[in-house]
Amino acid sequence: MKKTLLLFVLMFSIGFVSAQSDDELFGGDDDLFFDDMIEEVQDVEAKSDLSKGVLFDNGSVKIGGNFTTAIDTSFILYADDDKSFLDHFSDTKIKPNVGAYMTVDARPNQDLRMYSKFGFRYPFSSKAESTAKTTEKKIGPMSLYTTDVETTITDWIYLKEMFTDFSIADRAFFRFGLHTVTWGTGFFFSPVSDIINTTMIDPENTDAQVNGCFNLRTQITFPGSQNCLWLYLLPAFDYAKNCAFAGKFDFVIGGWELGLGGYWKYETAPKVTLTASGSIKKLNLFGEGVFQYGSDREWNEKTDKSAIFKATAGFSYTWKDPSITLAGQYYYDGSIFKFDQNSMADVMYLMNNPLYIKENLTKGHNAALLVSFGRIFGTEKVTGTIFGMVNFGKEKFPDSITQYVAENEEAKSLLNCGTFSAMLNYAPTDSIQLGIGPYVTFIDWDSKPEVSLKLSFTLGGGKF
């Protein structure tokens with residue numbers, strides 16, 4: 001059964017088309033893997049230029065950002081349920097996707113940088129306050145009682161990053177505050193980056209920046225080389241014993257960048273990491289490996305420790321003419337994640353320890369493939385992509401946990417065992433883009449797939 005499904009996946013992935021240009025696939029200010037790696041290299045190369053004042057004028061402030069203004073809808077064509085075609089049509093919802101990021105990058109002097117990135121989103125969620133106010137109004141001899149429940153907007157504005165950069169003796173460079181940490185090299189999956197960041201990559205939206213954490217980063221460079229040492233302190237805001245420490249040494253050998261790192265926290269599974277990235281001619285290759293001694297639950301419950309391995313490898317290749325990019329990645333996640341769905345204690349344990357939920361999203365064998373077409377029918381106005389992602393091995397979540405993941409901005413597509421999509425996009429102008437294509441999901445391999453028709457409309461928006 002699994003071999004048949006895997007063959008189906010490969011055939012499906014090779015045969016369909018979807019919706020991002022080359023720039024959207026491997027570019028953008030929020031690109032998790034390449035933007036931060038480039039930034040770290042620039043930090044090393046630019047240290048001598050900073051003292052000359054060639055990058056920023058003293059007192060300069062740069063303001064930028066981007067706007068997303070789109071609406072999406074997904075119409076179910078087939079589902080293994082009792083609903084009719086008309087029932088599915090009447091249940092179809094139109095989802096607005098309106099949001100913005102604003103960045104402020106201030107350089108009071110050449111050795112000090114202050115950066116903040118905050119976002120706005122719509123639709124926002126709102127909640128009723130737990131305390132209701134009841135008032136009495138006299139109307140003649142009668143009393144009319146009314147109850148007012150206040151509603152509060154909870155997430156229309158949120159902080160993505162806020163940190164400061166400074167240096168000592170032009171040799172040690174520091175970053176302190178809330179920021180995303182990019183240790184890994186993976187594109188769809190990055191077990192190394194997941195160690196520190198609080199959310200995972202969304203394989204269907206790899207340009208979206210994951211959430212980082214509050215930490216102090218120290219970068220120490222080595223004269224006459226491209227090698228550098230990264231040290232991290234992740235402070236705890238309850239007890240000092242819960243602070244975490246991490247380190248990573250990057251070095252270059254024969255055109256390949258290698259990284260060796262580690263992570264330690266009291267009563268938490270220690271981890272050792274290895275990363276590699278390079279190229280063979282135009283073929284870009286990358287890989288990551290993680291070894292951890294025991295699971296966090298084994299450490300918390302003081303039981304015997306297990307050896308856990310996670311490893312991933314992938315590639316990307318671009319043909320400039322025609323404008324096609326191919327990217328693929330395999331990921332094995334050896335997480336030990338067992339719980340009883342009928343045990344309220346186990347369910348509550350998961351709710352209070354979201355790390356276990358995050359780990360189980362990719363437990364077992366994972367594979368993802370993306371083909372991006374930057375020009376179809378000889379014009380850049382028509383683009384497309386093919387996307388396929390499968391998983392074998394993870395356990396099924398209870399509905400309560402599924403709802404938790406959906407409410408906490410995890411990669412919702414990872415809840416499925418199989419996801420396949422194909423979008424064809426048409427942009428008559430720079431400000432308008434229309435997309436259409438099939439979207440197929442498998443909740444698990446024992447169930448029939450759900451087939452939908454996905455429509456998207458992007459009107460205006462962009463970067464500034």
Query - Test log, rule side-chain hydrogen bond (donor to acceptor under 3.5 Å, both in side chains), inputs T318 and T325 - result: CA-CA 4 Å; T318 299; T325 298; 3.2 Å; yes

Which pair of non-hydrogen atoms, one from [X] and one from [Y], has the smallest distance, and what is that distance?
X: A246; Y: I196; value: CB-CD1, 4.1 Å
X: G184; Y: S193; value: N-OG, 2.9 Å
X: F187; Y: I201; value: O-CG2, 3.8 Å
X: A276; Y: L258; value: CB-CD2, 3.5 Å
X: L361; Y: K394; value: O-NZ, 3.4 Å
X: D444; Y: C417; value: CA-SG, 3.8 Å

Query raised in the report: Looking at F120 versus Y122, is the centre-to-centre ring distance below 6.0 Å?
Result: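 Distance test on ring centres: not under 6.0 Å, no.
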
Query raised in the report: Taking the six-membered ring for Trp, are Y263 and F245 ring centroids under 6.0 Å apart?
Result: no

What distance do [X] atom [atom1] and [Y] atom [atom2] have between them, rounded to the nearest 0.5 Å?
X: T164; Y: F166; atom1: OG1; atom2: CZ; answer: 6.5 Å
X: E161; Y: L178; atom1: CD; atom2: CG; answer: 7.0 Å
X: S456; Y: D72; atom1: OG; atom2: CG; answer: 5.5 Å
X: D296; Y: I336; atom1: CG; atom2: CD1; answer: 11.5 Å
X: F291; Y: L274; atom1: CZ; atom2: CG; answer: 13.5 Å
X: I443; Y: K448; atom1: CD1; atom2: NZ; answer: 15.0 Å

Query raised in the report: Taking it one step at a time, do Y232 and W183 satisfy ring pair (Phe, Tyr, Trp, His ring centres under 6.0 Å)?
Result: CA-CA 11 Å; Y232 294 83; W183 275 18; 5.6 Å; yes

Heavy-atom check, side chain of [X] versus side chain of [Y], under 4.5 Å:
X: Y293; Y: W299; value: yes
X: F174; Y: S167; value: no
X: L326; Y: F315; value: yes
X: D250; Y: E257; value: yes
X: V61; Y: V104; value: yes
X: M389; Y: L414; value: yes
X: V98; Y: R121; value: no
X: T312; Y: Q329; value: yes

In terms of side-chain geometry, is the basic nitrogen of [X] or [Y] positioned less than 4.0 Å from the acidic oxygen of its partner?
X: D165; Y: R175; answer: yes
X: R113; Y: D105; answer: yes
X: K310; Y: E288; answer: no

Report task. Just say parallel, tilted or perpendicular for the rings of W445 and F392, cut-offs at 30° and 60°. Result -> parallel

Query raised in the report: How are the rings of F188 and F387 set relative to one another: parallel (under 30°), tilted (30 to 60°) or perpendicular (over 60°)?
Result: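 Correct class here is tilted.
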
Modelled atom types, side-chain donor and acceptor of [X] and [Y], under 3.5 Å:
X: N242; Y: K265; result: no
X: T185; Y: T275; result: no
X: Q209; Y: T180; result: yes
X: E204; Y: Y439; result: yes

Report task. Apply side-chain contact (heavy atoms from CB on, under 4.5 Å) to Y101 and K117, showing your working. Result -> CA-CA 7 Å; Y101 276 124; K117 181 176 184 179; 3.8 Å; yes

Please list, chain by chain and in numerical order, all residues satisfying ring pair (Phe, Tyr, Trp, His ring centres under 6.0 Å) with [X], sequence neighbours excluded.
X: Y239; result: none
X: Y332; result: H365
X: Y266; result: none
X: Y115; result: F163

Report task. Using the test salt bridge (charged side-chain N to carboxylate O under 4.0 Å, His left out), find all partners of D91 that sit at least two apart in sequence or belong to another chain. Result -> K83

Report task. State which residues pass salt bridge (charged side-chain N to carboxylate O under 4.0 Å, His left out) with K93; sequence neighbours excluded, sorted by chain then number. Result ->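 Per chain and number, K93 pairs via salt bridge (charged side-chain N to carboxylate O under 4.0 Å, His left out) with no residue.
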
Query raised in the report: When you look at T73 and T92, which way does the side-chain contact (heavy atoms from CB on, under 4.5 Å) test go after all the steps?
Result: CA-CA 7 Å; T73 186; T92 300; 3.2 Å; yes

Could you tell me whether the side chain of [X] and the main chain of [Y] form a donor-acceptor pair under 3.5 Å?
X: T419; Y: T441; result: no
X: S225; Y: N227; result: yes
X: E298; Y: S306; result: yes
X: T199; Y: N211; result: yes
X: N197; Y: V181; result: yes

Query - Step-by-step side-chain contact (heavy atoms from CB on, under 4.5 Å) determination, F457 to N97 - result: CA-CA 10 Å; F457 305 90; N97 182 14; over 6 Å; no

Requested in this report: Decide yes or no on ring pair (Phe, Tyr, Trp, His ring centres under 6.0 Å) for F237 and F214, but give the supporting numbers first.
Outcome: CA-CA 10 Å; F237 298 106; F214 193 91; 5.4 Å; yes

Report task. Report the C-alpha separation of W230 and R217 in whole Å, then their side-chain angles, then the decisive distance to 0.1 Å, and conclude whether the side-chain contact (heavy atoms from CB on, under 4.5 Å) test is met. Result -> CA-CA 7 Å; W230 307 90; R217 186 189 78 180; 3.6 Å; yes

Query raised in the report: So does I253 have more than 12 non-hydrogen atoms from other groups sitting under 6.0 Å from CD1?
Result: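 Counting other residues, nucleotides and ligands, CD1 of I253 exceeds 12 neighbours.
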
Query raised in the report: Is the count of non-hydrogen atoms from other residues, nucleotides or ligands lying under 6.0 Å from D304 atom CG greater than 12?
Result: no

Requested in this report: Tell me, with the steps shown, if E267 and K241 meet salt bridge (charged side-chain N to carboxylate O under 4.0 Å, His left out).
Outcome: CA-CA 9 Å; E267 290 188 344; K241 68 177 183 179; 5.6 Å; no

